[in-house]
Amino acid sequence: MAENGIGARLARKEDPRFLVGKGNYVDDINRHGQAYAAFVRSPHAHANIRSVDISAAAAAPGVLAVYTGEDIAADNVGPLICGWAITSKDGSPMNMPPHTVLAQGKVTYVGDHVAMVVADTQAQARDAAELVNVDYEELPAVVSTGDADSASAAQIHEVAANNTCFDWELGDRADVDAAFEGAAHVTTLELVNNRLVPNAMEPRAAVGDYDRATDSLTLYTTSQNPHVARLVLSAFFQIAPEHKLRVVAPDVGGGFGSKIYVYSEETACVWAARKVNRPVKWTAERSESFLSDAHGRDHVTKVDLAMDGDGKFLAMRCSTKANLGGYMSLFSSAVPTYMYATLLAGQYTTPKVYAEVKAVFTNTTPVDAYRGAGRPEATYVLERVVEAAAREMGMDPAELRRKNLIQPDQFPYETPVIHTYDCGDYGASLDKAMEIADYAGFQGRRAQSEANGKLRGIGFSNYIEACGIAPSAAVGALGGGVGLWEAAQVRFNPTGNVTVFTGTHAHGQGHETTFAQVVSDQLGVPVENIEIVHGDTDKGPFGMGTYGSRSIAVGGAAIVKAGEKIIAKGRKIAAHILEAAEEDIEFTEGNFTVAGTDKAMNIGEVAFAAYVPHNYPEGVEPGLDETSFYDPLNFSFPSGTHICELEIDPDTGVVEIVNYTAVDDFGTVINPMIVEGQVHGGIVQGVGQALIESTAYDPESGQLLTGSFMDYTMPRADDVPSFNVDTTVTASPLNPLGVKGCGEAGAIAAPAAVMNALTDALGTEAIDMPATPERVWRVAQSRQAQAAE
Amino acid sequence: MPTVSMTVNGKSVSKDVEDRTLLVQFLRQDLGLTGTHVGCDTSQCGACVVHIDGRSVKSCTMLAAQCDGSDVTTIEGLATNGELHPMQQAFMDNHGLQCGFCTPGMVMSAVDLVKNHPNADEATIRAELEGNICRCTGYHNIVKAVQQAAKAMGG
């Protein structure tokens, strides 16, 4: 292994610039002659627009232009799209309503985009935006997920009767129902998966820039996938042909899914830059982020689990209603379907699974992928019902799980819900987690808590996720509109250092370090001589970006494939110069050696020879610069066991997590320090969902009540503990690095672990996320009252 | 427009600003010191924390004019002669940052934290960082970083 190669706990190459204030985020970018945009947003959840009077705004100081939906329509910009087609049970296609960049005749959520003001300064743009006079005809708002499709609900979109986008199913209902007939025990739960606001710390921002000389546009934007953004802006929004449009996503301050999508504001800025012939900048205020960044989750679900008398799972059936918000976002249809129901087998051998999902529109912010995207919802449903089943059956929850785990010798394992798992040893993670968490000592700790007047509980979450998204043909077969391969270019420069271009994008994940370790390990070049370049469509090949824990499993594999081409070419060059047969050349740790001799060339010398090809093999092109496009063979399947132990003060409802253990199988780990950091952050987002993060809308008006950090409870340092994080390793046989992906695991596993611990402590399943102190206190008080009777 | 004068990272600066200019806008837009970030509009997130006369302050919560005559240190002024401050080094050593957006404010708050609580335990560190939100790290490694820096800073 190269020093600082695979497995090294290497400090990050990107850190120094961030630590001294030299990060380059979109709002740090200012172009010469830059103007500023401000958006007029709907104050109503549901309304018809009778008229928009822009005259006062247009006459305000510094204003260059005021645009409305009519201008968007006149230029044929958009509409915004959903890129994944879902077919309902009855064979009908999903009902995708129009989603214009600026509203045309109607608004469907508070914060919906009505007009755009462009002015010389940010303050002038914001001042003028307040002068745009919109005459609204208010309509009744549809807010609740559960009631959105009821006959009495207002109709939001003409194309979607009963506010239903699709009513989809996976599995054979009759077959699963029949399996329930023979069950010795059925456990049933009704669960709410609460809506979350992603809240990456950097608000979204955009700078659109028009170059008159080349008639081309550049968009600097907070994107997780700049190439995809360019494709969408070009092919679907008609902003400019792809070769006349450059998208740059520089340092991006967190994404968690919310920066996958191409939103109205970014689209409008790059469009307007050409209209006003000046750069146009917009930076979201946090209040705008709350209203307009795609939210996550928001499911209501009923689940039934059938078991035989020994606790062996026979079948599961699950009915979910998923809230899409006011419009369809880019991948919103895939999240509650193929990213969700396909994971409902979990780590278990459950032979029959049926899921039905009805997706509904409401007058709320659109919902799309948020860290985990469907898989946290699946894990929550499955792991809650398994824990509840153990309690009802009087079995230890670990033992019930163990009885049903897929065994290591059963791989590849075909589940009843599409996926074929590649490898895993779920029992190993479970065992290790139980040991670290001292599960055996729990009853003693519980008794001690009880003596102190506290309620103590412990809960498991055995999760599995489908990551490494995704084999293109499979995606296409399931309705996806894109291929999900990844590209990499490995370029040796003449002096022997290496520039690597990747189509993935890092916004906190540390790719500049992790990918450099992979390249260093493979090519024997020191990490400090390797630069990872991403985030600019003018640099390197087209790529699909970062989401779904895909960057190392797909993007990393592409880098390795390009590296293999480098080695293959280098071998030819070295053979020629060393006057040996190509098959006699060995490559190890950066050196091409003639087998059995001390004749060798370093890869840097080979690179120089490739660019100064004076003594060079016939028929070989100069240069040492290779590109690979890698389409994965399958998803990857990270898995693990998380165990949460917590204590409740029944007098206040305050929950303290006293011990949290995560044992994850991510396959090969490139940089353990970075992987642990990903797990920590994911767990806290999951703990936040379980205990404190509530997205509250007024049920009548549809106003977002939790629209700021004063109201939406972000986890802070004093809300969470430190964690015990460890791994087990089964290397994936399906990609050259043996990796699986680690970015989402914490957020997927944690909500179920926390809620299973909480319900264990409270002695009832009847509490929903977020289990705030108020909710916990109410349940604790009613349980104590019941006990006293 | 009033003229404001202050010392920023050891240099005297003097500019005419609109009355309503916030300190963070002055730093970012007038002085080009973009290391100080804006993550919210309610003075909650702490991404904009700087030191004013040695104390940590959310620079979105003060007008530039209020800082007339003050000595301001931003994240750009924390390292000396190209050498990272022990807090910056500790964040790097312990992977206390991921996307880097909250980091400048987090580091500036943490420096003040250690100054006020040189021997802070984990609970104190967590409580004192309550005004800085990080969405990436889960705080685990930030706490470790502050503990390491506290030792290095002589706590």
Side-chain angles (χ1 to χ4, degrees), chain A residues 11-12 14-25 27-28 30 122-123 198-203 251-256 283 285-289 506-510 673-674 676-685 687 708-710 714-723 725 746, chain B residues 18 20 25 28-29 32-45 47 74-79 82 84-85 87-89 91-105 107 122-123 125-144:
Chain A
R12 297 199 318 171
E14 42 275 85
D15 284 357
R17 71 172 185 269
F18 293 136
L19 283 163
V20 300
K22 289 182 183 165
N24 183 35
Y25 302 88
D27 191 51
D28 302 340
N30 294 297
Q122 189 178 52
N199 277 325
M201 291 315 296
E202 179 205 21
D251 287 328
V252 172
F256 314 112
T283 304
E285 294 187 82
R286 179 58 60 183
S287 312
E288 293 185 279
S289 306
H507 27 280
Q509 297 91 338
M673 182 190 77
I674 288 176
E676 288 163 12
Q678 290 293 306
V679 174
H680 298 151
I683 291 171
V684 167
Q685 285 179 328
V687 168
S708 81
F709 287 152
M710 306 281 278
M714 290 283 279
R716 301 183 188 229
D718 56 355
D719 291 316
V720 289
S722 292
F723 307 102
V725 171
Chain B
E18 271 191 84
R20 61 180 166 182
Q25 293 170 327
R28 288 182 56 81
Q29 291 163 19
L33 293 171
T34 55
T36 301
H37 295 153
V38 179
C40 75
D41 44 15
T42 51
S43 289
Q44 290 290 301
C45 80
T74 71
I75 191 69
E76 288 93 341
L78 198 59
L84 294 179
H85 184 280
M87 189 62 73
Q88 292 168 314
Q89 187 63 49
F91 269 68
M92 181 158 171
D93 293 346
N94 292 281
H95 189 31
L97 66 155
Q98 291 182 21
C99 81
F101 195 80
C102 77
T103 308
V107 167
E122 178 173 344
I125 292 169
R126 287 182 177 277
E128 288 292 313
L129 289 178
E130 192 261 356
N132 291 77
I133 302 175
C134 171
R135 194 55 149 170
C136 294
T137 64
Y139 305 103
H140 180 111
N141 287 338
I142 290 175
V143 172
K144 279 169 60 184

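As the structure is a prediction and not an experimental result, all values here were calculated from the model. Naming convention: chains lettered A, B, ... in sequence-line order (proteins, then strands); numbering from 1 in each chain.
For B:E122, the part sitting under 4.5 Å from any heavy atom of chain A is the side chain, from C-beta outward, and nothing else. The contact between B:F101 and chain A is made by backbone and side chain atoms together, counting heavy-atom distances below 4.5 Å. Contacts between A:V252 and chain B at a heavy-atom distance below 4.5 Å involve the backbone alone (N, CA, C, O). In this structure, chain A has no heavy atom under 4.5 Å from any part of B:L78. For B:Q29, the part lying near chain A is the side chain, with the backbone staying farther off; criterion is any non-hydrogen pair under 4.5 Å. Of the two parts of B:D93, only the backbone, made up of N, CA, C and O, holds a non-hydrogen atom closer than 4.5 Å to a non-hydrogen atom of chain A. Of the two parts of B:T103, only the side chain, counted from C-beta on, holds a non-hydrogen atom closer than 4.5 Å to a non-hydrogen atom of chain A. When heavy atoms are compared at a cutoff of 4.5 Å, A:D27 approaches chain B by way of both its backbone and its side chain. The contact between A:A123 and chain B is made by backbone and side chain atoms together, counting heavy-atom distances below 4.5 Å.
Under the 3.5 Å distance criterion, with hydrogens and angles disregarded, a donor-acceptor pair is assigned to the side chains of B:R126 and A:S722. Using modelled atom types, one finds no donor on one side chain facing an acceptor on the other under 3.5 Å when comparing A:H680 with A:Q678.
Scored by the side chain to side chain contact (heavy atoms under 4.5 Å, CB included) test, A:N199 finds A:V197, A:R286, A:F290, A:F709, A:Y712, A:M714, B:R135 as partners (sequence neighbours excluded). Contacts of B:Q44 classified as side chain to side chain donor-acceptor pair (under 3.5 Å), with partners at least two apart in sequence or in another chain: A:R716.
Here A:S287 is the residue among A:G254, A:A11, A:S287 with the most heavy-atom pairs under 4.5 Å with chain B. Counting heavy-atom pairs closer than 4.5 Å to chain B, the top-ranked of the candidates A:S708, A:G508, A:A200, A:G746 is A:G508. Counting heavy-atom pairs closer than 4.5 Å to chain B, the top residue among A:G681, A:G255, A:G23 is A:G681. Among the candidates B:V143, B:L129, B:T42, B:L84, the residue making the largest number of heavy-atom pairs closer than 4.5 Å to chain A is B:T42. Ranked by heavy-atom pairs under 4.5 Å with chain B, the first of A:S289, A:G682, A:G510, A:P203 is A:P203. Among A:M673, A:Q509, A:E14, A:R17, the residue with the largest count of heavy-atom pairs under 4.5 Å with chain B is A:M673. Comparing A:D718, A:V684, A:T283 by heavy-atom pairs within less than 4.5 Å of chain B, the highest count is held by A:D718.
In this structure, B:Q88 contributes its side chain and A:L19 its backbone to a donor-acceptor pair below 3.5 Å. Checked by atom type and distance alone, the side chain of B:N132 pairs as donor or acceptor with a backbone atom of B:G105 at under 3.5 Å. The backbone N or O of B:L33 lies less than 3.5 Å from no partner atom in the side chain of B:R28, so there is not a single donor-acceptor pair. Distance alone, capped at 3.5 Å, places no donor-acceptor pair between the B:N141 side chain and the B:G96 backbone. Looking only at distances, a side-chain donor or acceptor of A:Y25 sits under 3.5 Å from a matching main-chain atom of B:G100.
A:F18 has its side chain out of reach of B:C99: every pair of non-hydrogen atoms, C-beta onward, lies at least 4.5 Å apart.
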